[in-house]
Amino acid sequence: MDRNPRKGPTVAATTPGPAVKRLVVLVSGSGTNLQALLDEIERAGAESYGARIVAVGADRTGIEGLARAERAGLPTFVCRVKDFATREEWDAALAGAVAAHEPDLVVSAGFMKIVGKEFLARFGGRFVNTHPALLPSFPGAHGVRDALAYGAKVTGCTVHFVDDGVDTGPIIAQGVVEVRDEDDESALHERIKDVERRLLAEVVGRLARNGYRIEGRKVVIQ
Ligand code: GRF
């Protein structure tokens with residue numbers, strides 16, 4: 001098995017500056033990570049935080065994540081895979097819907113779809129995901145369940161840039177959570193999400209305020 005980390009080119013991404021950066025957030029579920037971003041921006045003020053959310057997108061309707069966005073007065077859009085003939089068409093439509101809001105950064109906050117080539121061509125190097133495990137362990141849709149089943153004693157969350165693999169992109173920050181003997185998936189996931197929400201809000205603000213560069217696998221926040 002190839003255990004070498006994936007290498008990539010150095011990508012110059014956002015630069016620091018006084019401008020308040022534009023965020024598009026993508027959700028698929030309850031949207032508590034989106035809420036953490038909204039709350040932190042509200043608490044700090046967009047100028048001090050360095051960014052504001054300009055739109056929220058989803059891959060499905062009827063979710064609390066979209067309701068949170070609507071309550072916050074934000075524009076929303078939905079791109080459902082089943083409404084398109086091919087996955088490529090869905091990917092291009094999603095990329096177009098996001099691009100319409102001219103984001104500096106796109107945040108996948110519990111967005112449960114893998115994006116394709118077109119999306120990455122437009123937003124690679126500025127598409128941030130949060131994953132509920134300590135990558136590179138336990139990638140994929142069941143990171144919490146898989147860590148528990150494996151018998152891991154610590155797990156946590158990882159905020160990373162998205163590349164063309166599944167949860168393989170350059171790591172920005174991680175938070176550690178101990179696994180307890182009595183944990184089931186839902187109890188463990190709730191404790192991970194406590195850490196994850198704080199980490200995501202903190203990291204996105206730092207990326208926006210300070211600027212960053214991606215050197216191969218290494219993310220340097222300036
Ligand atoms: C988070 O733990 C995220 O990492 C995972 O799904 C959860 C989303 O939670 N992929 P929420 O929708 O932000 O409440």
Side-chain angles (χ1 to χ4, degrees), residues 6-9 11-14 21-35 37-38 51-133 135-136 138-143 145-146 158-172 200 204 207-208 214 217 219:
R6 297 156 67 98
K7 292 267 186 240
V11 179
T14 65
K21 301 290 191 298
R22 298 171 64 84
L23 308 176
V24 168
V25 180
L26 300 178
V27 296
S28 297
S30 61
T32 63
N33 281 280
L34 163 67
Q35 192 67 53
L37 286 165
L38 286 166
R52 68 193 168 93
I53 298 174
V54 295
V56 173
D59 63 332
R60 61 198 75 187
T61 55
I63 54 172
E64 182 60 18
L66 285 173
R68 289 176 193 276
E70 279 153 20
R71 287 199 293 272
L74 291 170
T76 62
F77 58 89
V78 175
C79 255
R80 300 188 304 180
V81 172
K82 66 179 179 192
D83 293 336
F84 296 87
T86 65
R87 188 81 185 198
E88 287 72 25
E89 284 175 39
W90 168 79
D91 182 59
L94 180 69
V98 170
H101 297 281
E102 301 181 343
D104 296 295
L105 286 171
V106 184
V107 181
S108 156
F111 184 63
M112 300 304 283
K113 287 282 182 301
I114 306 292
V115 299
K117 282 200 172 69
E118 167 99 31
F119 194 95
L120 287 175
R122 293 215 207 176
F123 300 110
R126 52 198 180 106
F127 184 28
V128 175
N129 180 46
T130 175
H131 178 76
L135 295 172
F138 313 117
H142 304 292
R145 187 189 307 171
D146 293 347
T158 303
V159 179
H160 66 98
F161 285 107
V162 178
D163 68 4
D164 60 358
V166 177
D167 301 322
T168 52
I171 291 172
I172 310 167
L200 183 68
V204 169
L207 292 171
I214 306 171
R217 288 214 53 87
V219 178

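Two residues are said to be in side-chain contact when any heavy atoms from C-beta on lie closer than 4.5 Å; L94 and F77 meet this criterion. At least one side-chain heavy atom of V81 sits less than 4.5 Å from a side-chain heavy atom of K113. Residues V128 and V106 are not in side-chain contact: their nearest non-hydrogen atoms beyond the backbone lie 4.5 Å or more apart. For the pair V219/I171, no side-chain contact is recorded, criterion being any heavy-atom separation below 4.5 Å from C-beta on. Using a 4.5 Å cut-off on side-chain heavy atoms (C-beta onward), V162 and L120 make contact. Between D167 and H160 the shortest side-chain heavy-atom distance falls below 4.5 Å. At least one side-chain heavy atom of I114 sits less than 4.5 Å from a side-chain heavy atom of V166. Using a 4.5 Å heavy-atom threshold, the side chains of V24 and V54 count as touching.
Taken to the nearest 0.5 Å, the OG atom of S30 stands 9.0 Å off from the CD1 atom of I63. Going from atom CG of L74 over to atom CG of L23 covers 10.5 Å, rounded to the nearest 0.5 Å. Atom CZ in F111 sits 10.0 Å away from atom CG in N129 (nearest 0.5 Å). To the nearest 0.5 Å, atoms OG (S108) and CZ (F127) are separated by 4.5 Å. In this structure, E88 CD and F119 CZ are separated by 15.0 Å, a value rounded to the nearest 0.5 Å. In this structure, L200 CG and L37 CG are separated by 4.5 Å, a value rounded to the nearest 0.5 Å.
Taking every heavy atom of both residues into account, P136 and P139 meet most closely at O-CD, 3.6 Å. Pairing each heavy atom of V78 with each of D59, the nearest pair is CG1-C, 4.3 Å. In terms of heavy-atom proximity, R68 sits nearest to G31 at CD-O, 3.2 Å. Between F161 and G125, the shortest heavy-atom distance links the atoms CE2-O, 3.6 Å. Minimum heavy-atom separation, A95 to F123: O-CE1, 3.7 Å. Contact detail for R122 and G96: the closest heavy-atom pair is NH1-CA, 4.1 Å.
The closest donor-acceptor contact from the side chain of N33 to the backbone of A109 lies at 3.5 Å or more, if one exists at all. A side-chain donor-acceptor contact under 3.5 Å links T158 to the backbone of A133. With H131 contributing its side chain and A141 its backbone, the two residues share no donor-acceptor pair below 3.5 Å.
Residues satisfying the salt bridge (Lys or Arg N to Asp or Glu O under 4.0 Å) criterion with R80, sequence neighbours excluded, are D83. E64 is linked by a side chain to side chain donor-acceptor pair (under 3.5 Å) to R71, counting only residues two or more places apart in sequence or in another chain.
Among V107, L66, V25, the single residue meeting the side-chain contact (heavy atoms from CB on, under 4.5 Å) criterion with L34 is V25.
For the pair D104 and R22, the salt-bridge criterion is not met [side-chain N within less than 4.0 Å of a carboxylate O].
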